[in-house]
Q: 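This is the structure I want to talk about, given as structure tokens.
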Amino acid sequence: MKLTWLGHGSWRLEIEDQVLLIDPWIEGNPMMVGHDPAQAVAGAQAILVTHGHFDHTNGVATLSAEKDLPVTAMVELEGHLAGLGAISGNGINFGGTVRFGDVSATLVPASHSSSIGEKGFYAGEPGGFMIRGEGRTIYFSGDTGITAEMSWMGQYFAPEIGILSAGGHYTMDMAQAAWAAKTYFDFKTVIPQHYRTFDALEQSATRLIEGLPGVQVIEPEVMIPFTL
């Protein structure tokens, strides 16, 4: 599988025969300045969205409509995005699983908040995704603090790869993410996200690396693909 960080909490995932965009905040994302947005979305087949905040949904409806990309998200959020012009895909809830060819994505809980638009419309509960393909499982945490829900998720899904929001202030920080990773999961690889974007967020993954001896921690660079 090939992963490309689009900055902040946004990703391009190439897995099996699928190209999936996860929380593709491209329009207005300061980490995408100077990069080619067309390259980021080339060949994409679907969009997955974890929750409604602007740094995960800005431009998603337009991108979906222009590229004919169906959106999968919490049912209230999927409906709202469809109302903005997005291609309706799958409005699901926790435990719901959607298939994309040989890939599956299951919506799992996150401890955060979720609203959308200037008036802060209710966007359903925030979540993350367990994505299975190529014989492995990836946990995309979405925006979350440490939650006891991680206990059953780690046991049931047994993800080998964790992409964890770890910038602090709005989510877990690096130390908390390291603690959650070793307490609730048995990751072989951990990749931080939702950091470096703003001054309020952590700028380095040092504490995550120090907190996870024996685990491969990859510090991604924007628009530089890597293979797992």
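The model shown is predicted, which means the values in this text are computed figures rather than measured ones. All residue numbers in this chain count up from 1 along the given sequence.
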Q: In Å and rounded to the nearest 0.5 Å, what is the OG1 to CG distance from T197 to D55?
A: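 Interatomic distance, T197 OG1 to D55 CG, rounded to 0.5 Å: 8.0 Å.
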Q: Roughly how far apart are M150 CE and M172 CE, rounded to 0.5 Å?
A: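 Result: 4.0 Å between the selected atoms.
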Q: Please report the shortest heavy-atom distance between I15 and G133, naming the atom on each side.
A: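 Heavy atoms only, the tightest pair is CD1-CA, 3.6 Å.
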Q: Under a 4.0 Å N-O cut-off, is there an ion pair linking R132 with E16?
A: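 Between E16 and R132 there is no salt bridge, as every charged N stays at least 4.0 Å from the carboxylate O atoms.
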Q: Following the transitive rule for hydrophobic clusters with a side-chain heavy-atom cut-off under 4.5 Å over Ile, Leu, Val, Met, Phe, Trp and Tyr, establish whether V71 and Y122 coincide in one cluster.
A: no
Q: If you measure from CZ on F100 to CD on Q45, what distance do you get to the nearest 0.5 Å?
A: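 Reported value, rounded in 0.5 Å steps: 10.0 Å.
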Q: Could you walk me through whether L212 and K182 pass the side chain to side chain contact (heavy atoms under 4.5 Å, CB included) test, one step at a time?
A: CA-CA 7 Å; L212 291 175; K182 63 188 178 186; 4.1 Å; yes
Q: Enter the distance from D143:CG to H51:NE2 here, rounded to the nearest 0.5 Å.
A: 4.0 Å
Q: Got a second to check how far M74's CE is from E125's CD, nearest 0.5 Å?
A: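 It is 6.5 Å, given to the nearest 0.5 Å.
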Q: Can E78 and T72 be counted as having a side-chain donor-acceptor contact under 3.5 angstrom?
A: no
Q: Nearest 0.5 angstrom please: I191 CD1 to W11 CH2, how far?
A: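 Going from CD1 on I191 over to CH2 on W11, the span is 5.0 Å.
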Q: Quick one: do W5 and L201 end up in the same hydrophobic cluster if we chain Ile, Leu, Val, Met, Phe, Trp and Tyr together by side-chain heavy atoms under 4.5 Å apart?
A: no
